Protein chains: 2
Amino acid sequence: MTESSEPGAGPRRAKRVDAFRNEQKLLDAAASVFVEVGVDAPVRAVAAAAGVGVGTIYRHFPTRADLVVAVYRHQVDMLAAAGPSLLATSGSPDAAVRDWLDQFVDFLVTKHGLAAALQDDKVGAALHQHFVDHLVPVCAELLAAATKGSGGAGLTAYEVLRGVGNLCIGAGQDPMFDTRRVVRAYVSGVLIGEDVGRG
Amino acid sequence: MTESSEPGAGPRRAKRVDAFRNEQKLLDAAASVFVEVGVDAPVRAVAAAAGVGVGTIYRHFPTRADLVVAVYRHQVDMLAAAGPSLLATSGSPDAAVRDWLDQFVDFLVTKHGLAAALQDDKVGAALHQHFVDHLVPVCAELLAAATKGSGGAGLTAYEVLRGVGNLCIGAGQDPMFDTRRVVRAYVSGVLIGEDVGRG
DNA sequence: TTGTTTTCCGGAACCACGTTCCGTATATTT
DNA sequence: AAATATACGGAACGTGGTTCCGGAAAACAA
């Protein structure tokens with residue numbers, strides 16, 4: 001008890017420096033492998049790219065999903081941070097919502113298979129959780145501002161966000177499917193009152 | 001050439017009766033396994049349920065995707081057939097589009113994982129193709145009638161259909177995501193003119 | 001019926017992937 | 001340097017799709 005200033009949880013020895021290095025190598029390698037072959041790249045491919053064994057991956061990231069989350073954590077956080085500022089810079093709350101969701105789409109579209117991975121029950125659980133925790137509140141705030149007057153279609157922020165996420169699945173792999181345009185239509189439906197087109 | 005009334009393509013001998021029986025057993029077994037554990041059920045599970053070996057599956061259906069397509073072929077065809085009649089019975093072209101897409105959603109939602117399977121590059125290719133071939137023309141016809149006046153959001157029938165399909169991914173596995181409602185918003189955005197919400 | 005031919009069946013075997021395990025190597029501490 | 005905690009590599013396991021092939025069975029011929 002001579003050096004345990006914190007009760008219970010603290011590790012008795014600092015993390016080894018090679019462990020730190022490997023974690024970073026892993027994150028870098030994963031990031032570049034993910035852009036090259038998609039987020040569904042085999043774990044072994046990431047390990048090889050990082051020059052480590054598979055065991056090392058699992059020491060740092062208990063499951064493949066955790067690795068994916070770690071790789072994209074920064075970008076998710078930046079997206080979350082961009083919400084409030086857009087509310088100020090964009091012309092209207094509606095525009096802020098559209099702009100923010102555009103950024104969300106850009107984020108998903110540029111990562112091959114990320115949107116699809118979000119749905120996978122195995123890989124998706126952790127990813128999904130992280131996305132929801134960080135992005136839904138921001139989306140809710142933007143939506144609240146945008147639908148203050150009209151009321152919108154009555155969707156929850158989660159539904160809006162997940163809808164956009166779903167629409168991005170397979171983006172880029174299909175020239176006949178213009179993700180931007182489709183999402184724009186969806187967002188229009190979300191922001192408009194629910195009595196549209198009712199005969 | 002004594003008994004070849006058809007040139008070239010006909011098999012020289014009729015299919016064996018046990019082969020017919022097995023194909024039917026396979027389709028029945030697959031259908032029930034798919035409703036119980038989802039369309040991503042292991043091939044071996046279907047084989048076991050049908051009381052045949054895996055080899056038998058692959059004799060009748062070259063790949064897992066072909067089995068899935070075969071199982072749902074009837075329902076896809078019925079959905080395709082329902083389009084034109086809805087145009088007559090529904091009050092307006094708009095309503096026809098909404099009703100038809102509702103049926104599409106019902107179809108996808110009641111099959112666990114079907115919508116997701118449509119995206120999978122492996123399983124999805126054959127499925128996707130079949131869906132596109134049979135459903136897109138019908139959707140195009142309905143859309144043409146509905147957007148004759150306003151113009152709509154300018155999406156192609158394929159984009160509309162695939163958008164709805166994407167939105168159905170994961171349906172039923174998430175109480176916080178009301179697929180019906182989300183799709184309704186999307187369809188509203190599709191049918192409305194594209195100048196909505198533009199400040 | 002018996003023999004021959006063609007088709008079909010079963011399931012072991014193969015490959016790819018996520019994950020676990022453990023003997024060995026290395027950093028840190030004494 | 002010795003001791004100890006920590007991390008590493010990669011073989012091994014479980015699961016899933018798919019292929020292969022020896023044997024069984026149906027169809028046809030006699």
Side-chain angles (χ1 to χ4, degrees), chain A residues 2-4 10-27 29-30 33-34 37-70 113 116-117 120-127, chain B residues 2-4 10-27 29-30 33-34 37-70 113 116-117 120-127:
Chain A
T2 57
E3 41 95 0
S4 75
R12 289 215 291 281
R13 196 184 281 196
K15 212 199 289 196
R16 273 166 51 166
V17 311
D18 55 344
F20 263 117
R21 267 210 319 267
N22 275 330
E23 184 165 336
Q24 196 52 50
K25 277 200 295 185
L26 240 11
L27 283 173
V33 169
F34 286 171
V37 295
V39 293
D40 51 351
V43 170
R44 280 177 246 264
V46 175
V52 306
V54 282
T56 302
I57 288 198
Y58 283 91
R59 172 168 321 282
H60 292 288
F61 309 98
T63 184
R64 223 184 70 88
D66 297 303
L67 174 60
V68 179
V69 171
D120 187 320
D121 274 355
K122 313 262 241 219
V123 184
L127 260 186
Chain B
T2 55
E3 40 95 1
S4 75
R12 290 214 291 283
R13 197 184 281 198
K15 211 199 282 194
R16 270 167 51 168
V17 38
D18 57 342
F20 262 117
R21 267 210 320 265
N22 275 331
E23 184 165 337
Q24 195 54 49
K25 277 201 294 186
L26 240 13
L27 283 173
V33 169
F34 287 171
V37 295
V39 295
D40 50 351
V43 170
R44 284 177 245 263
V46 175
V52 305
V54 283
T56 303
I57 288 196
Y58 283 91
R59 172 169 316 281
H60 292 289
F61 308 99
T63 183
R64 222 183 71 87
D66 296 302
L67 174 60
V68 179
V69 171
D120 187 321
D121 274 355
K122 314 264 241 217
V123 184
L127 260 186

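Worth saying up front: this structure is predicted, and the values here are computed from it rather than measured. Residue numbering restarts at 1 for every chain, and letters A, B, ... go by the order of the sequence lines. Heavy atoms only: backbone and side chains are in, while hydrogens, waters and symmetry mates are out.
The nucleotide whose nearest atom lies closest to any side-chain atom of B/A19 is, among C/dG11, C/dC8, C/dT19, C/dC8. Counting only heavy atoms from C-beta on, A/N22 has its side chain closest to D/dC8 among D/dG17, D/dC8, C/dT20. The listed nucleotides are D/dC21, D/dT18, C/dT20; the one nearest the side chain of B/R59 is D/dC21. In the set D/dT4, D/dG17, D/dC8, D/dC8 carries the atom at the smallest distance from any side-chain atom of A/D18. Distances were taken from every side-chain heavy atom of B/R13 (C-beta onward) to each of C/dT5, C/dA12, C/dA27; the shortest belongs to C/dT5. Distances were taken from every side-chain heavy atom of B/H60 (C-beta onward) to each of D/dT18, D/dG9, C/dC9; the shortest belongs to C/dC9. The listed nucleotides are C/dG10, D/dT19, D/dA26; the one nearest the side chain of B/T56 is C/dG10.
When the C1' atom of C/dC17 is taken as reference, atom CG of A/L67 falls 15 Å away, rounded to whole Å. Between the P atom of D/dG17 and the CG atom of B/D66 lies a distance of 14 Å, rounded to the nearest Å. Atoms NZ (B/K25) and C1' (C/dC8) sit 13 Å apart, rounded to a whole Å. Between the P atom of D/dA7 and the CG atom of A/L26 lies a distance of 14 Å, rounded to the nearest Å. Here D/dA11 presents its P atom at 16 Å from CD1 of A/I57, a figure rounded to the nearest Å. The separation between B/F61 atom CZ and D/dT19 atom P is 15 Å, rounded to whole Å. The distance between atom OH of A/Y58 and atom P of D/dA12, rounded to the nearest whole Å, is 18 Å.
One N or O on the side chain of B/R64 and one on the backbone of B/A41 form a donor-acceptor pair closer than 3.5 Å. The backbone N or O of B/A19 sits nowhere less than 3.5 Å from a side-chain atom of B/N22 that would complete a donor-acceptor pair.
One donor-acceptor pair, N or O on each side, does fall under 3.5 Å between the base of C/dT26 and the side chain of A/R16.
Listed here is the closest heavy atom pair of A/V46 and A/L67: CG1-CD2, 4.1 Å. Minimum interatomic distance between A/L127 and A/A117 (heavy atoms only, all atoms of both residues): CD1-CB, 4.2 Å.
At a threshold of 4.5 Å between non-hydrogen side-chain atoms, the residues B/D40 and B/F34 do not count as touching. No side-chain heavy atom of A/F61 sits under 4.5 Å from any side-chain heavy atom of A/V69.
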Contacts under 3.5 angstrom, residues 52-59 of chain A side chains, donor-acceptor by atom type, not counting sequence neighbours:
none

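Residue-to-nucleotide proximity on DNA chain C shows that, of B/G55 and B/K15, the 5′-proximal contact is made by B/K15.
Within residues 39-49 of chain B, the residues that have a heavy atom under 4.0 Å from DNA chain C are, in order of number, B/R44.
For the pair B/T63 and D/dT18, the criterion of a side-chain N or O lying under 4.0 Å from OP1 or OP2 is met.
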